[in-house]
Amino acid sequence: MGLTNCLGGDTQLVETNGDNVDIVVIAIETAEASTMKELQMFRPDTATPLFLIVGDQWHADISAAVEQGVRAVLWRRHFSATTFIQALRAVGSGGGYFPTSLQGALIEQIVQTYREVLAPQDLTPSGFTNREIDILRLVSEGFDLRQIADKLHYSERTTKNILYQFMKRFDLHNRAHAVAYAIRSGLI
């Protein structure tokens with residue numbers, strides 16, 4: 001059964017061969033590290049998500065695959081028109097669709113990265129330190145530097161330096177810009 005036939009006449013889902021695509025669907029037999037790099041030639045741009053239908057085995061780093069734009073993986077042995085459309089819709093709405101084994105591997109990699117790389121540096125997965133988050137939250141609530149320093153038991157100079165380094169790292173112009181950035185990042 002061809003992939004186009006699986007769309008079942010759904011007018012919102014259509015096959016195209018042009019550069020103006022929302023999702024690139026690729027069928028491969030085995031996913032390997034080298035495969036992930038090769039997939040880039042099929043994407044019209046770096047924002048276009050990849051949907052892989054994988055034949056038998058996964059030997060690639062799942063987080064590297066996600067970094068390369070893979071947003072869905074469907075095992076060929078579990079393929080059906082229903083799951084295909086469900087996965088397309090998930091990716092089309094900004095989500096993902098992965099087999100539970102790959103979800104578990106991805107979660108384990110996230111936990112390991114946090115535990116071994118980020119936590120020793122006092123960083124969160126967002127790239128912000130816990131101290132930065134605390135200070136930005138209090139700035140957003142209208143506290144001045146002296147009040148923030150008192151609440152967090154830092155010196156006013158330390159508070160100011162943390163805020164300055166944050167603004168410098170993300171090229172932010174002032175405290176309002178820093179708070180807006182933190183809000184948009186979902187931290188406060």
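FYI, side chains are in, hydrogens and waters are out, and symmetry mates aren't considered; it's all heavy atoms of this structure. Note that this is a predicted model, so its numbers are computed, not measured.
For the atom pair Ile85 CD1 and Arg89 CZ, the distance stands at 6.5 Å (nearest 0.5 Å). In this structure, CG on Leu52 lies 11.0 Å from CZ on Arg71, to the nearest 0.5 angstrom. Between the CD1 atom in Ile148 and the OG1 atom in Thr158 there is a gap of 13.0 Å [rounded to 0.5 Å]. Atom CG of Leu138 sits about 10.5 Å away from atom CG of Leu145, to the nearest 0.5 Å. Atom CZ of residue Arg131 and atom CG of residue Leu123 lie 11.5 Å apart, to the nearest 0.5 angstrom. Ile133 contributes atom CD1, which lies 4.0 Å from atom OG1 of Thr124 (distance to the nearest 0.5 angstrom).
Between Phe84 and Phe79, the ring planes lie tilted relative to each other; the angle falls in the 30° to 60° range. Phe170 and Phe128 have perpendicular rings, their planes meeting at more than 60° on a 0 to 90° scale where under 30° would count as parallel.
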request  = Apply side chain to side chain contact (heavy atoms under 4.5 Å, CB included) to the pair Leu163 and Val139, showing each step before the final yes or no.
outcome  = CA-CA 10 Å; Leu163 193 53; Val139 168; 4.2 Å; yes
inquiry  = Before you tell me yes or no, could you show the steps for Thr35 and Ile28 under side chain to side chain contact (heavy atoms under 4.5 Å, CB included), namely the whole-Å CA-CA distance, both residues' side-chain angles and the distance that decides it to 0.1 Å?
reply    = CA-CA 9 Å; Thr35 311; Ile28 58 176; 3.8 Å; yes
request  = Before giving the answer on side chain to side chain contact (heavy atoms under 4.5 Å, CB included), spell out for Phe166 and Leu172 the whole-Å C-alpha distance, their side-chain angles and the decisive distance to 0.1 Å.
outcome  = CA-CA 8 Å; Phe166 174 82; Leu172 305 170; 3.5 Å; yes
message = Before you tell me yes or no, could you show the steps for Ile23 and Thr48 under side chain to side chain contact (heavy atoms under 4.5 Å, CB included), namely the whole-Å CA-CA distance, both residues' side-chain angles and the distance that decides it to 0.1 Å?
response = CA-CA 6 Å; Ile23 302 168; Thr48 305; 5.8 Å; no
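Panel note: side chain Ser185, backbone Tyr181; a donor-acceptor pair is recorded below 3.5 Å. Panel note: side chain Gln165, backbone Ile162; no donor-acceptor pair is recorded below 3.5 Å. Put simply, the side chain of Gln121 never gets that close to the backbone of Leu118: no donor and acceptor are under 3.5 Å apart. Looking at Glu32, its side chain never comes within 3.5 Å of a backbone N or O of His59 through a donor-acceptor pair.
Across every non-hydrogen atom of Phe98 and Ala72, the tightest pair is CZ-N, 3.9 Å. Taking every heavy atom of both residues into account, Gln147 and Gly142 meet most closely at OE1-O, 4.4 Å. Taking both residues in full, the closest heavy atoms of Ala90 and Gly96 are given as CB-O, 3.8 Å, listed atom of the first, atom of the second, then distance. Looking at every heavy atom in both residues, Thr159 comes nearest to Tyr154 through OG1-CB, 3.6 Å. Nearest heavy-atom pair, Arg76 versus Gly55, reported as atom, atom and distance to 0.1 Å: NH1-CA, 3.7 Å. In this structure, Glu132 and Gly127 approach most closely via the heavy-atom pair OE1-O, 4.4 Å.
Annotation for Arg77: atom CZ counts as buried by contact number, over 12 foreign heavy atoms lying within 6.0 Å. Heavy atoms from other residues, nucleotides or ligands lying under 6.0 Å from CD of Glu67 number 12 at most.
When the side chains of ILVMFWY residues are joined at heavy-atom separations under 4.5 Å, either directly or via intervening members, Ile110 and Trp58 end up in a single hydrophobic cluster. Linking ILVMFWY side-chain heavy atoms closer than 4.5 Å, directly or via other members, places Val66 and Tyr114 in two distinct hydrophobic clusters. Under the 4.5 Å side-chain heavy-atom criterion for ILVMFWY residues, no single connected hydrophobic cluster contains both Val70 and Ile107.
Using a 4.5 Å heavy-atom cutoff, the side chains of Leu88 and Val25 are in contact. The shortest distance between side-chain heavy atoms of Pro49 and Val24 does not fall below 4.5 Å. For the pair Met167 and His177, the minimum side-chain heavy-atom distance is 4.5 Å or more. With a 4.5 Å cut-off on side-chain heavy atoms, Ile188 and Val179 count as touching. At least one side-chain heavy atom of Tyr97 sits under 4.5 Å from a side-chain heavy atom of Thr83. Side-chain contact between Trp75 and Leu102 is present, with at least one heavy-atom pair separated by less than 4.5 Å.
With salt bridges taken as basic N to acidic carboxylate O contacts below 4.0 Å, one links Arg137 and Glu141.
A donor atom on one side chain and an acceptor atom on the other are not found under 3.5 Å apart for Gln57 and Thr30.
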